[in-house]
Amino acid sequence: MSFRLHDSLTNATIPLPQRTPGETSLYVCGPTVYGYIHVGNARPPVVFDVLVRHLERQGLIVRYVRNFTDVDDKIIQVALDTGEEPRVITDRYIDAYRDDVAALMCRPPWAEPRVSENIAGIIAHVEALLAKGFAYVTGDGDVYYDTAKFEGYGKLSKRQLEEQSASEGRGKVGEGKRNEPDFALWKSSKAHEPDGARWPSPWGEGRPGWHIECSAMAHALLGDGFDIHGGGQDLKFPHHENEIAQTEPVHGPMASAWMHNGFIEVDIERNADFSEDVLARLPALKERFPDLRKVSKSDPKTLQGYRERDPATLTPDDLAMIAVLERKVHFGHWFQLRRLRDRVDGEAIRLWILGTHYRAPLAFDLAETGEAVSFPTIEQAEKRLEYFYDTRLKLAAKIPAGVMAKATLVDTLAKLVRDFDAALDDDLNTAGALDPFAQVFTLTNKLCDTKRPDKRDLDAADAAITHLTAVLGVGEGDPEAFFARVTARRVKCRDLDPARIDGLVQQRTAAREAREFARADEIRAELTALGIELRDGVTGTSWRAV
RNA sequence: GGUGCGGUAGCCAAGUGGCCAGGCAACGGUUUGCAAAACCGUGAUACGUGGGUUCAAAUCCCAUCCGCACCUCCA
């Protein structure tokens with residue numbers, strides 16, 4: 001095992017930690033299930049799924065835990081808004097999450113704990129922190145972590161204690177909180193909060209704070225310390241910093257390595273088509289609103305606020321803000337994974353994500369021509385996927401025709417597979433791994449195009465492709481199922497009539513057989529205009545929506 | 001201000017001292033009734049800028065400019 005990874009705690013590249021030889025334990029922070037996820041949330045499951053596949057392929061047992069945060073202020077808010085019980089809400093979004101990540105070709109983790117099913121362990125952990133003097137109870141029945149007691153506080157995010165501001169707690173210093181960065185381990189329930197979000201505890205009815213949940217669930221499933229803790233970059237502080245602070249005093253060092261993925265970012269100025277006036281005002285607006293470019297959940301509300309104002313009172317700056325907000329809301333709409341999946345295949349989203357190293361930022365592209373919305377880089381990935389599956393179909397059809405000639409590709413293919421594995425061994429360099437991946441497919445196509453392909457070459461190509469696609473989780477499905485899925489989506493999206501297309505294709509075939517090529521080309525032009533691509537093969541003509 | 005990440009060809013994106021990235025788009029060719037798909041080939045002094053080290057720098061050192069993210073719920 002020569003896998004090495006970048007550890008965010010030490011900022012060094014280290015060998016894969018294995019507390020138990022032949023086994024690696026991995027904890028990844030999962031979603032808070034209060035709504036549908038957006039494409040940014042898709043990155044961690046995809047990245048860590050590839051990590052698990054790669055390690056397992058090399059014979060390791062990976063104990064991969066990804067939690068569901070089903071107890072949280074945001075869930076309570078949804079419950080209060082809709083009148084539903086929290087469990088109903090969280091069940092719904094857990095199902096939706098599983099559906100989304102399955103579409104991204106992520107395999108289920110070894111364990112998916114829910115906070116609501118780990119309350120006893122959480123209470124025990126809080127009690128242990130209280131007993132050791134790392135936490136204190138306030139008059140309101142809240143329990144806070146005392147960050148001043150933990151010497152290593154700030155070591156993951158590399159920040160000094162005094163710089164930090166409060167998080168995860170309603171209190172301010174003086175109102176029961178001892179230090180500004182102290183965070184809640186247990187929050188007392190308020191009268192109006194739903195029954196499904198309160199549990200009895202030694203400190204009265206309440207619910208756990210966000211950070212303690214992961215510490216407790218990781219310990220429940222992986223024991224005292226584990227190998228790798230993963231999650232998005234933004235969780236470094238405060239979430240993971242707090243997990244360390246909570247875990248170390250009770251169970252000793254938490255994770256041997258930390259892996260943080262970069263963000264998927266949207267750039268609203270890109271292709272935004274703003275007017276000269278808006279563009280001229282952007283710099284000044286950015287001064288006033290530093291997070292102007294960031295797509296935020298409060299954007300629709302803010303936009304609504306502007307729309308409700310008397311147009312006469314709107315200044316040019318306001319109008320510019322409206323233009324920008326409209327753009328942000330538009331991006332936000334397509335950022336949601338469910339919506340995006342209506343336009344591009346989940347597997348293509350996966351390939352798009354893997355095209356960039358997991359620690360680097362990844363730009364989300366959206367282009368518009370008139371009414372039509374497109375996602376250039378993801379659509380590019382989808383075309384690539386079609387190529388992979390086409391190649392597999394071609395290879396499968398050619399394998400029976402293999403002969404004992406001269407095998408020339410066996411060694412080359414083996415080397416490409418080694419290069420592929422080596423790229424992944426180097427801190428999961430999926431983008432680098434796509435190089436040998438591409439070369440294997442080119443060689444396979446070339447091999448299939450030869451008249452008398454060697455049987456051993458064909459088998460070697462098949463074995464190489466099986467390995468590469470299984471590790472990346474890209475192009476490994478049933479090709480027919482893939483094309484059926486993609487065609488069905490495009491047909492639906494463009495409101496095409498498959499029966500009519502089949503009819504036109506038949507007419508064209510008849511014309512071609514009669515050697516009436518002008519007529520045949522006329523029909524093809526008609527189909528092209530509908531976005532249908534034809535392929536004349538030896539076994540007849542097939543069509544695909546492009 | 002603090003902590004990180006980055007600037008590589010039209011676009012996306014690997015690469016951390018000498019040798020090839022890869023993909024998309026473009027162009028030429030093989031193939032095809034013509035296309036499409038596939039394959040082959042081509043392209044551009046590609047490495048933010050200025051110095052330095054070295055036989056050799058995208059890669060190391062110094063300086064500098066620019067961009068991004070997080071530091072408040074966020075993957």
Side-chain angles (χ1 to χ4, degrees), chain A residues 6 8 11 28-32 34 37-48 66 72-74 77 154 156-160 162-168 181 210 230-239 241 260-265 267 291 293-298 351-352 354-363 365 376-381 383-384 386-387 390-391 393-394 419 423 426 429-439 441-450 511-512 515-518 520-521 524-525 527-528 532-537 541-544 546:
Chain A
H6 176 90
S8 324
N11 272 336
V28 176
C29 290
T32 301
Y34 67 106
I37 61 166
H38 57 71
V39 66
N41 297 306
R43 205 171 188 187
V46 168
V47 164
F48 291 105
R66 186 182 62 209
D72 183 88
D73 290 355
K74 286 177 293 227
Q77 192 53 52
L156 178 66
S157 53
K158 281 105 183 153
R159 62 190 70 233
Q160 300 302 309
E162 50 273 18
E163 288 164 11
Q164 288 148 25
S165 48
S167 73
E168 188 69 359
W210 174 37
Q233 218 162 42
D234 56 319
L235 294 182
K236 236 187 206 178
F237 183 86
H239 187 54
E241 194 71 64
H260 289 104
N261 65 271
F263 267 30
I264 292 178
E265 296 166 359
D267 184 349
D291 60 348
R293 327 164 72 123
K294 196 159 61 174
V295 170
S296 134
K297 291 201 173 78
S298 63
L351 177 58
W352 167 68
L354 296 179
T356 300
H357 187 96
Y358 75 91
R359 284 191 284 123
L362 171 56
D365 259 357
T377 47
I378 304 176
E379 283 164 17
Q380 194 175 306
K383 279 184 71 177
R384 203 58 194 145
E386 291 181 51
Y387 166 77
D390 267 331
T391 306
L393 283 174
K394 206 158 137 184
D419 289 348
D426 178 17
N429 187 353
T430 51
L434 283 169
D435 175 354
F437 193 104
Q439 291 189 49
F441 278 82
T442 301
L443 284 176
T444 301
N445 269 301
K446 209 189 291 193
L447 178 66
C448 291
D449 286 343
T450 57
R512 286 180 74 219
R515 304 199 65 81
E516 291 168 11
F517 293 122
D521 290 351
R524 185 171 62 199
L527 287 163
T528 304
I532 301 299
E533 183 180 281
L534 297 180
R535 290 193 187 179
D536 297 331
T541 299
S542 62
W543 64 268
R544 277 184 199 158
V546 289

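Below, all heavy atoms of this structure are taken into account, side chains as well, without hydrogens, waters or symmetry copies. Below, read A as the first sequence line, B as the second, and so on, with proteins coming before strands; counting in each chain starts at 1.
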Check against salt bridge (charged side-chain N to carboxylate O under 4.0 Å, His left out), A:Glu386 and A:Arg384: CA-CA 5 Å; A:Glu386 291 181 51; A:Arg384 203 58 194 145; over 6 Å; no
Ring-on-base stacking B:A69 with A:Phe263 (under 5.5 Å, under 30°): no
Atom P, compared across B:C65 and B:A26: separation rounded to whole Å: 40 Å
Verdict with reasoning, A:Tyr358 to A:Asn429, per side-chain hydrogen bond (donor to acceptor under 3.5 Å, both in side chains): CA-CA 8 Å; A:Tyr358 75 91; A:Asn429 187 353; over 6 Å; no
Under the 3.5 Å Watson-Crick or G-U criterion, the dot-bracket string of RNA chain B, with | for inter-strand pairs: ((((((((.[[[..)..(...]]].(((((.......))))).....[[[[[..)....]]]]])))))))....
Sugar-phosphate only, base, or nothing, as touched by A:Arg359 at under 4.0 Å among non-hydrogen atoms: nothing
Sugar-phosphate only, base, or nothing, as touched by A:Gly231 at under 4.0 Å among non-hydrogen atoms: sugar-phosphate
Between C1' of B:C70 and CD1 of A:Ile264, the distance in whole Å: 16 Å
Of the listed nucleotides B:A14, B:C68, B:C34, the one nearest the side chain of A:Glu265: B:C68
Protein-nucleotide distance (A:Asp419, atom CG; B:C19, atom C1'), rounded to Å: 14 Å
Gap between atoms OH and P, on A:Tyr34 and B:A75 respectively (whole Å): 6 Å
Out of B:A37, B:G22, B:C39, whichever nucleotide has its closest atom nearest the side chain of A:Ala438: B:G22
A:Asn261 and A:Phe48: CA distance, side-chain angles, deciding distance, side-chain contact (heavy atoms from CB on, under 4.5 Å) verdict: CA-CA 9 Å; A:Asn261 65 271; A:Phe48 291 105; 4.3 Å; yes
Shortest side-chain distance from A:Asp234, nucleotide among B:C34, B:C70, B:C40: B:C70
Base B:A35 paired with A:Arg524 side chain (donor-acceptor, <3.5 Å): yes
Sugar-phosphate only, base, or nothing, as touched by A:Phe437 at under 4.0 Å among non-hydrogen atoms: nothing
Interatomic distance at P, B:G29 relative to B:C70, whole Å: 50 Å
Interatomic distance, A:Asp536 CG vs B:U31 P [rounded to whole Å]: 17 Å
Touch class at under 4.0 angstrom, heavy-atom based, for A:Thr377 against every strand present: nothing
Separation of B:C34 C1' from A:Leu534 CG (nearest whole Å): 13 Å
Separation of B:C34 P from A:Glu516 CD (nearest whole Å): 18 Å
Selection from B:C5, B:A14, B:C24 that lies nearest to any side-chain heavy atom of A:Arg384: B:C24
Between B:A44 and B:A63 - P atom distance, rounded Å: 37 Å
Residue whose nearest RNA chain B nucleotide is more 5′ - A:Lys74 or A:Phe441: A:Phe441
B:G15 OP1/OP2 closer than 4.0 Å to side-chain N/O of A:Asn429: yes
Shortest non-hydrogen contact from A:Ile264 toward A:Val39: CD1-O, 3.5 Å
A:Gln380 CD to B:G10 P, straight-line distance once rounded to whole Å: 16 Å
A:Arg43 (side chain) donor-acceptor with A:Gly262 (main chain) under 3.5 angstrom: yes
Nearest-angstrom distance, C1' atom, B:G17 to B:A69: 31 Å
Check: A:Asn11 side chain, B:G4 base, donor-acceptor under 3.5 Å: no
Nearest-neighbour nucleotide for the A:Asp449 side chain, B:A75, B:G15, B:C39 considered: B:C39
Of the listed nucleotides B:A38, B:A25, B:A14, the one nearest the side chain of A:Lys383: B:A25
Candidates B:C71, B:C34, B:A75 - which lies nearest the side chain of A:Pro44: B:A75
P atoms of B:U31 and B:C19, separation to the nearest Å: 37 Å
Value rounded to 0.5 Å, distance of OG1 in A:Thr356 from CG in A:Leu362: 4.5 Å
Touch class at under 4.0 angstrom, heavy-atom based, for A:Ser8 against every strand present: nothing
Contact under 4.0 Å: A:Lys236 side-chain N or O vs B:G4 OP1/OP2: no
Atom-pair distance (CG on A:Asp435; P on B:G23), nearest Å: 8 Å
Separation between the C1' atoms of B:G67 and B:C55, rounded to whole Å: 36 Å
Residues A:Arg524, A:Asp521; criterion salt bridge (charged side-chain N to carboxylate O under 4.0 Å, His left out); working and verdict: CA-CA 5 Å; A:Arg524 185 171 62 199; A:Asp521 290 351; 3.5 Å; yes
Steps toward salt bridge (charged side-chain N to carboxylate O under 4.0 Å, His left out) verdict (A:Asp390, A:Arg544): CA-CA 12 Å; A:Asp390 267 331; A:Arg544 277 184 199 158; 2.9 Å; yes
A:Asn11/A:Lys158 under side-chain contact (heavy atoms from CB on, under 4.5 Å): CA gap, chis, key distance, verdict: CA-CA 11 Å; A:Asn11 272 336; A:Lys158 281 105 183 153; 4.0 Å; yes
Candidate nucleotides B:G22, B:G15, B:A75, ranked by approach to the side chain of A:Leu235 - the nearest: B:A75
Presence of A:Tyr387 side-chain N/O under 4.0 Å of B:C39 phosphate oxygens OP1/OP2: yes
Out of B:G33, B:G4, B:A14, whichever nucleotide has its closest atom nearest the side chain of A:Ala360: B:A14
Derivation and outcome, side-chain hydrogen bond (donor to acceptor under 3.5 Å, both in side chains), residues A:Asp73 and A:Gln77: CA-CA 6 Å; A:Asp73 290 355; A:Gln77 192 53 52; over 6 Å; no
A:His357 side chain, from C-beta outward: closest of B:G23, B:G33, B:A14: B:A14
Verdict with supporting geometry, A:Asp72 and A:Thr32, side-chain hydrogen bond (donor to acceptor under 3.5 Å, both in side chains): CA-CA 7 Å; A:Asp72 183 88; A:Thr32 301; 4.6 Å; no
B:A75 phosphate, OP1 or OP2, under 4.0 Å from A:Asn261 side-chain N/O: no
B:A13 and B:A58, which share atom name C1', separated by this distance in whole Å: 14 Å
Phosphate-side-chain proximity, A:Asn41 and B:A75, N/O vs OP1/OP2 below 4.0 Å: yes
B:A25 versus B:C20 - spacing of their P atoms, nearest Å: 25 Å
